[in-house]
Amino acid sequence: MSPNSTNRQHAIVLGGSLAGLLTARVLSKYFERVTIVEKDRVDDGSKSRPGQPQTQHLHCLLAKGLEVMTDYFPDLPQALVENGAVINDFAASMRWYIHGGYRAQFKIGFPAITMSRVLLESLIRERVLALPNIKLLDRTTVKELQSTPTLDRIIGIKVEQYGTENQSTIITADLIIDATGRGSSSPQWLRDLGYEAPAESKVHVNVGYATRIYRRDPQDPRSQTWSLHTSDAPKETRFGGIVPIESNRWIVSICGWHKEQMPTTESNFLQFARSLPSRHIYDIINECEPLSMIVKHNFPFSLRRHYERLKRFPVGYLVIGDALSSFNPTYGQGMTVAGLEVVELDRLLSRNISPVDLARTFFYQMARVIDIPWQLAVSEDFRFPQTVGAKPIGTDFINWYIAGVHRATLDDSVVGEAFLKVMNLMAPPISLFHPRIVWRVFKN
């Protein structure tokens, strides 16, 4: 087969988490068959899998992410509501404490839909696997990539299924996409084939999470609101969130920057929540019945792998999702960025680009998708002097101005709307520097 020929019989997605499921949905439009290979056992989706410790914690689906997912699964919002997710106007339902007060509440016209990550993923998986040309192969570990003798093209994977130790199988495909997440083996697999691994950018934040589920009284007037307390960096290192989810429950995550000790007992959890400048989270959970143990998660650093800088890359292979970039989770960008990446994949495949040119074009476009959320995240990270990593030029000025934006949102809904649109990746950050917004920021 010529390297330039386009064959779309079989595609493989490595990883069955959210990015992998969305990727498979896109590939199903262009390939006769799609196989999702997942190392964990996949059951009915009622609980987190061993390879997904982060899914036990509070997740935010930004408005842009919901928009993308709804494009691919039009009935998803209704299915979420039918399964107990809470949907309200994003700005009218928020109770967000920052810089000594609460942001002004108003109607913004796009939804906040709150649910557990497990529910969202299970509903998307259900819809993906209902497509007749998609198959899930779970409890299967990828051991290595298979290439042509000239090493210029990936043609398959060697896998080992659970219970069949030392009995490997080769699965061939025309395109393989790695969506295995932050712990991706792609850099090592590339080295094994004689390629360079991608350069990496790391920003060390040392964020810790402690999360607990509580019973939620649907008659409580607070039960339809989502609440955040954001750290006023650098003087505050603690923050937290409480969000209504399905089955009349609250999910509560309390967090700390730069090795802040996370609580492991009920009394310490309550004490940590009470130590936040706003008592709102504490006041709710102090009255509610705990329904789960306290679970912890540590996030040492944001990670970005620069595949777009590589001079050589094999045909027939791509990398997507957290395997490309893994953001500080406190900003809730991960699921939405994965959605934006699959939209770009969809566009490229629709153009029928030559396989030889696909990887170069794909990684260039992925870098453009990642640039803005990466800049937003790491700029916030560098509010803390303990943050270690490559600091983007102009970060201190941007942070000084954005602090003014935050203060203005306490009583100015125009600035609040502009900020929330940027936060939800529905408007570019430069929109916050429009003269109308700048004037209102300095007026405050």
Side-chain angles (χ1 to χ4, degrees), residues 8-56 59 68-69 72-73 75-76 79-80 83 116-146 154-165 167-186 189 316-323 334-335 338-339 341-342 345-346 349:
R8 292 183 171 177
Q9 293 183 11
H10 186 210
I12 294 175
V13 180
L14 309 181
S17 192
L18 196 64
L21 293 169
L22 295 174
T23 299
R25 170 66 181 87
V26 166
L27 293 175
S28 71
K29 297 168 58 178
Y30 302 99
F31 287 79
E32 293 180 18
R33 295 183 296 121
V34 179
T35 302
I36 303 170
V37 179
E38 167 57 46
K39 68 177 181 179
D40 288 336
R41 179 188 180 93
V42 178
D43 53 20
D44 62 0
S46 61
K47 59 184 179 180
S48 297
R49 302 195 304 274
Q52 298 179 294
Q54 75 282 3
T55 61
Q56 300 178 78
H59 274 67
V68 168
M69 294 177 193
Y72 288 113
F73 310 102
D75 68 332
L76 180 63
L80 283 165
N83 281 272
S116 68
R117 163 68 182 265
V118 171
L119 174 62
L120 175 65
E121 189 168 307
S122 67
L123 292 177
I124 289 178
R125 184 188 307 111
E126 177 184 305
R127 282 150 181 76
V128 168
L129 297 184
L131 297 172
N133 62 337
I134 295 182
K135 173 186 176 182
L136 172 65
L137 195 61
D138 67 349
R139 297 195 297 171
T140 302
T141 302
V142 181
K143 309 300 289 185
E144 61 183 42
L145 302 178
Q146 301 294 295
I154 303 303
I155 57 173
I157 53 175
K158 178 185 286 188
V159 301
E160 188 176 279
Q161 290 187 283
Y162 178 79
T164 61
E165 286 74 8
Q167 297 181 31
S168 58
T169 303
I170 304 297
I171 306 175
T172 60
D174 306 298
L175 178 64
I176 299 169
I177 301 184
D178 176 9
T180 56
R182 183 182 177 89
S184 164
S185 295
S186 285
W189 288 337
Y317 194 70
L318 299 173
V319 182
I320 203 167
D322 279 4
M335 296 189 294
E341 289 174 358
V342 301
L345 173 66
D346 199 344
L349 293 176

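This chain uses plain numbering: 1 for the first residue, then up along the sequence. Just the heavy atoms: all of them, side chains too, but no hydrogens, waters or symmetry mates, feed the values below.
- Smallest separation of non-hydrogen atoms from Gly339 and Val68: O-CG1, 3.5 Å.
- Counting only residues at least two apart or on different chains, the salt bridge (charged side-chain N to carboxylate O under 4.0 Å, His left out) pairs with a member in residues 9-31 are Lys29-Asp346.
- In this structure, the side chains of Phe73 and Leu123 stay at 4.5 Å or more apart for every pair of heavy atoms.
- Under the rule for a side-chain contact (heavy atoms from CB on, under 4.5 Å), the partners of Thr180 that lie at least two apart in sequence or sit in another chain are Leu14, Asp178, Ser184.
- Partners of Val342 by side-chain contact (heavy atoms from CB on, under 4.5 Å), not counting sequence neighbours, listed by chain and number: Leu22, Thr23, Val26, Tyr72, Ile320.
- Residues passing the salt bridge (Lys or Arg N to Asp or Glu O under 4.0 Å) test with Asp75, sequence neighbours excluded: Arg127.
- Here the rule is side chain to side chain contact (heavy atoms under 4.5 Å, CB included) with Ile177, and of Ile12, Leu345, Val319 only Leu345 fits it.
- Between Val128 and Leu21, the closest heavy-atom pair is CG2-O, 3.6 Å.
- A distance of 13.0 Å separates NE2 of His59 from CG of Leu119, quoted to the nearest 0.5 Å.
- Summarising the geometry, atom CG belonging to Asn83 is positioned 11.0 Å from atom CG belonging to Leu120; distances are rounded to the nearest 0.5 Å.
- In this structure, CD on Glu160 lies 9.0 Å from OG1 on Thr169, to the nearest 0.5 angstrom.
- Gly15 and Ile36 make their closest contact through O-CG2, 3.7 Å (heavy atoms, listed as atom of the first residue, atom of the second, distance).
- Rounding to the nearest 0.5 Å gives a distance of 11.5 Å between OG of Ser168 and CD1 of Ile157.
- Of the residues Val13, Leu136, Leu137, Ile176, the one that meets the side chain to side chain contact (heavy atoms under 4.5 Å, CB included) test with Thr35 is Leu137.
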Q. So Leu175 and Tyr30, side chain to side chain contact (heavy atoms under 4.5 Å, CB included) or not? Walk me through it.
A. CA-CA 11 Å; Leu175 178 64; Tyr30 302 99; over 6 Å; no
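- Across all their heavy atoms, Glu341 and Gly321 have their closest contact at OE1-N, 2.8 Å.
- Evaluation of the side chain to side chain donor-acceptor pair (under 3.5 Å) test over residues 129-145, restricted to residues two or more places apart or in two chains, returns Glu144-Gln146.
- Residues meeting the side chain to side chain donor-acceptor pair (under 3.5 Å) test with Ser28, sequence neighbours left out: none.
- Asp174 contributes a side-chain N or O that, together with a main-chain N or O of His10, makes up a donor-acceptor pair within less than 3.5 Å.
- Closest approach of Gly16 and Glu38 over heavy atoms only: N-OE1, 2.7 Å.
- Taking CE of Met69 as the reference point, atom CG of Leu18 lies at 4.5 Å (rounded to 0.5 Å).
- Atoms CZ and CG, on Arg33 and Leu27 in that order, are 13.0 Å from each other to the nearest 0.5 Å.
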